[in-house]
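Numbered from 1 within each chain, the chains take letters A, B, ... in sequence-line order.
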Amino acid sequence: MFTLETGMTDEFLTRLNEYEQQRYAKMLRVRERGINPYPLRAPRTHTTRAVIDAFTRGETLTGAQIAGRLIALRDMGKLTFAHLHDGAGKIQLMFRKDQVGAEQYTMLVKEFDLGDFIGVTGDVIQTKTGEITIQVARFELLAKTLAPLPEKFHGLKDTEQRYRQRYLDLLSNADVKKIFVARSKIVTAMRAYLDAHDFLEVETPALQALYGGAAAQPFITHHNALDRDLYLRIADELYLKRLLIGGFERVYEISKDFRNEGIDHTHNPEFTMMECYQAYGDYTTMMTLVEEVYAACALAANGSLAVTRGEHAIDLTPPWRRVTMRDLIAETSNVDIYACPDLGSLNARIEELNLKVQRHPTWGKMVDELFGTFAEPTLIQPAFVMDYPEEISPFAKKKPENPKIVERFEAFGGAMELGNAFTELNDPYDQYTRFIEQGAQRAAGDKDAHELDWDFIQALMHGMPPTGGLGIGIDRMTMLLTNQESIREVIIFPQLRT
RNA sequence: GGGCCGGUAGCUCAAUUGGCAGAGCAACAGCCUUUUAAGCUGUGGGUUCAGGGUUCGAUUCCCUGCCGGCUCACCA
């Protein structure tokens with residue numbers, strides 16, 4: 001049992017449990033030896049990986065300096081084996097009492113703990129069992145660890161602790177680290193693709209006086225100096241389009257959007273979206289872009305266009321299936337939405353077939369309900385679902401032959417939405433009537449419907465070229481490419497609590 | 001927001017019908033010069049999520065709250 005020394009009763013210590021107090025006492029004893037337990041610098045000449053690679057190539061390494069965290073200590077009396085972990089991997093260390101000196105050796109055994117950062121210098125050898133090992137000549141403490149790390153064999157499983165103390169999750173569960181490495185590669189590959197295709201990366205406001213560009217409720221915040229409420233953006237769309245009006249022909253933004261909605265395994269209140277707009281393109285241009293970006297990101301993350309989703313093997317190789325929403329709904333529910341062009345006839349057809357679906361106040365929302373219920377779950381292999389109801393797509397251009405339908409597609413794979421794109425609406429009067437229509441839906445109780453954004457109409461009045469626009473959710477893309485069922489596994493600090 | 005399930009040692013998990021709260025790892029005191037989930041001997045470690053109730057007695061049964069998981073609703 002460890003007893004605190006006199007004078008060591010400050011408030012910090014009262015917060016420590018028994019294990020932490022033991023380590024704190026060890027830290028003090030190290031300090032009494034004249035050693036700084038938190039030195040300012042850590043010299044190192046090699047990573048663990050570099051040492052192993054060099055040895056494997058047959059190079060003789062003497063006096064290699066490495067640094068990292070102690071993750072195992074096996075004290076055998078006058079000989080101690082340890083493992084040291086750094087960002088590149090891990091390597092075994094061998095401390096011999098007759099080599100490092102009795103005083104140092106005792107400090108190692110008595111005062112060092114699992115989790116401590118140490119630096120070692122020594123020659124690289126192989127043990128009897130063939131493991132590449134640093135035979136330590138000198139070592140030093142680089143940073144004392146006061147809190148014990150999770151037990152190494154079972155790892156950390158408590159979900160709440162995994163997300164709230166993600167650093168422990170990353171230390172304990174090697175696969176978790178791989179997910180975030182893959183995510184980084186995905187984003188890098190996406191940027192590289194867009195940059196190589198002459199898209200300009202821009203940054204638009206996250207704090208907005210009027211939010212828009214998607215159907216969602218916003219977070220509201222307050223600016224003190226202006227003494228007014230501002231919204232956190234729910235989409236980048238309306239600002240990026242203003243840039244096309246200003247003469248940029250290809251722009252993109254990768255940023256957080258914020259939507260004040262429920263939290264579940266596919267929704268986090270803040271999430272990362274890539275939006276891009278290409279002048280003189282349309283939604284078919286964006287289909288090609290989606291196929292190519294997904295291929296580039298899949299190769300970067302996995303080195304392959306094949307991904308696994310539960311029991312399903314998914315092939316991302318272009319070209320992806322292209323199917324109209326009309327055909328897909330007809331195929332999966334036996335309803336031809338074009339033969340039922342208004343809410344009354346559509347509802348009659350649904351009753352006739354005795355379909356169990358929720359009812360909605362507009363034709364467009366009923367079509368979306370049929371799609372979500374019957375069609376979406378079947379979309380395992382990648383596919384573009386084309387031509388959506390105008391009523392649920394206020395920023396997409398109508399099809400000339402059918403004004404109830406717009407040129408919009410959503411990409412699907414693994415029964416998840418992978419992207420959303422339009423032939424962008426650039427007719428200011430039509431855009432105005434869409435806002436008025438949205439206003440009516442809002443008045444009828446739809447909290448997600450748009451408010452009139454006259455500033456945006458004014459921008460369109462100055463002329464926007466024919467344009468294709470696209471949004472890809474980075475989190476869901478990462479879920480698909482890393483075979484994760486929960487968005488929390490691909491967001492490094494997810495929002496908790498349902 | 002609704003329904004169902006859960007919260008026990010630093011970590012992973014047990015605990016019979018309501019009857020002394022345990023194990024492995026980790027820790028502490030020792031032994032050990034080729035181990036690698038090292039081994040051996042010994043020791044300590046608990047507000048059983050919090051608060052209330054029933055009971056001779058509650059980890060266990062009931063109520064409330066907090067936190068989390070799954071699911072439905074909302075929502076891409």
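For A:Q22, counting side-chain heavy atoms from C-beta on, the closest listed nucleotide (B:A27, B:U35, B:A73) is B:A27. Nearest nucleotide to the A:T127 side chain, out of B:A26, B:U34, B:C75: B:U34. Which of B:A38, B:U34, B:G69 sits closest to the side chain of A:L79 comes down to B:U34. The side chain of A:F81 lies closest to B:U34, out of B:U34, B:G44, B:C28. Side-chain proximity of A:E261 to B:C75, B:A73, B:U34: nearest is B:C75. The nucleotide whose nearest atom lies closest to any side-chain atom of A:K26 is, among B:C67, B:A27, B:U34, B:A27. Comparing B:U35, B:G69, B:A38 against the side chain of A:A72 picks out B:A38 as the nearest. Listed nucleotides: B:C28, B:U34, B:U35. Nearest to the side chain of A:M94: B:U34. Counting only heavy atoms from C-beta on, A:R164 has its side chain closest to B:G68 among B:U34, B:G68, B:A27.
Using atom C1' as the reference point in both B:G53 and B:G18, the two lie 15 Å apart (nearest Å). Separation of the P atoms belonging to B:G68 and B:C61 is 23 Å when rounded to the nearest angstrom.
A donor-acceptor pair under 3.5 Å is formed between the side chain of A:D453 and the backbone N or O of A:F456. For the pair A:Q21 (side chain) and A:L16 (backbone), a donor-acceptor distance under 3.5 Å is present.
Remark: the A:E131 side chain and the B:U35 base include no donor-acceptor N/O pair separated by less than 3.5 Å. Under 3.5 Å, the side chain of A:D264 and the base of B:C75 form no donor-acceptor pair of N or O atoms. Donor-acceptor pairing under 3.5 Å, judged by distance alone, is absent between the side chain of A:T80 and the base of B:U33.
Within the 4.0 Å cut-off from OP1 or OP2 of B:C75, not a single side-chain nitrogen or oxygen of A:R476 is found. The shortest distance between the side-chain N/O atoms of A:Q126 and the OP1/OP2 oxygens of B:U34 is not below 4.0 Å. The side chain of A:K110 places an N or O atom within less than 4.0 Å of a non-bridging phosphate oxygen (OP1 or OP2) of B:G30. Taking side-chain N and O atoms only, A:R74 has no distance below 4.0 Å to OP1 or OP2 of B:U35.
Counting only N and O atoms by type, the side chains of A:D236 and A:Y252 include no donor and acceptor under 3.5 Å apart. A donor and an acceptor atom, one from each side chain of A:D53 and A:T56, are nowhere located under 3.5 Å apart.
For A:E376 and B:C75, the CD to P distance is 14 Å, given to the nearest whole Å. Nucleotide B:A73 holds its C1' atom 13 Å from the CG atom of A:D448, rounded to whole Å. To the nearest angstrom, P of B:G1 lies 14 Å from CD of A:Q217. For the pair A:E20 CD and B:A26 P, the interatomic distance rounds to 18 Å; values are reported in whole Å. If you take CG of A:L73 and P of B:G39, they are 14 Å apart, rounded to a whole angstrom. For the pair A:I487 CD1 and B:C75 C1', the computed distance is 12 Å after rounding to whole Å. Spacing between atom NZ of A:K78 and atom P of B:U35 amounts to 17 Å, rounded to whole angstrom units. Distance, A:M76 CE to B:C32 C1': 7 Å, rounded to whole Å.
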Atom pairs under 3.5 Å, N or O on each side, protein against nucleotides 7-12 of chain B: can you list them with distances?
from  : atom 1 : to     : atom 2 : distance (Å)
B:G10 : N7     : A:Y19  : OH     : 2.6
B:C11 : O2'    : A:G155 : O      : 3.2
B:C11 : O2     : A:E151 : OE1    : 3.4
B:U12 : OP1    : A:K157 : N      : 3.1
B:U12 : OP1    : A:D158 : N      : 3.1

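Remark: B:G51 base-pairs with B:C63. Criterion, Watson-Crick or G-U wobble with two distances under 3.5 Å. Using N1 to N3 plus N6-O4 or O6-N4 for Watson-Crick, or N1-O2 and O6-N3 for G-U wobble, each under 3.5 Å, B:C70 pairs with B:G3. B:U17 is unpaired under the criterion used here, namely a Watson-Crick or G-U wobble arrangement in which both key atom distances are under 3.5 Å. Under the Watson-Crick or G-U wobble criterion, with both distances below 3.5 Å, B:A27 is paired with B:U43. Across every strand in view, B:A37 sits unpaired, with no contact that passes the Watson-Crick or G-U test at under 3.5 angstrom.
At the heavy-atom level, A:D98 lies under 4.0 Å from base atoms of the strands shown.
Ring-plane geometry between A:F409 and A:Y283 is classed as tilted, the angle between the planes lying from 30 to 60 degrees on a 0 to 90 degree scale.
For A:R49, the CZ atom is loosely surrounded, since the number of other residues' heavy atoms within 6.0 Å does not exceed 12.
The shortest distance between side-chain heavy atoms of A:P269 and A:I263 falls below 4.5 Å. Contact of the A:M366 side chain with the A:P361 side chain is not registered, since no non-hydrogen atoms from C-beta on lie closer than 4.5 Å.
Judged by closest nucleotide on RNA chain B, A:L114 is the one of A:H83 and A:L114 placed further toward the 5' end.
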message: Test side chain to side chain contact (heavy atoms under 4.5 Å, CB included) on A:L93 and A:F139; report intermediate values, then the result.
response: CA-CA 11 Å; A:L93 310 177; A:F139 65 92; over 6 Å; no

- Message: Under the criterion salt bridge (charged side-chain N to carboxylate O under 4.0 Å, His left out), I'd like the reasoning laid out for A:E390 against A:K399: C-alpha separation, chi angles, the key distance, then a yes or no.
- Response: CA-CA 9 Å; A:E390 174 272 332; A:K399 294 190 84 71; over 6 Å; no

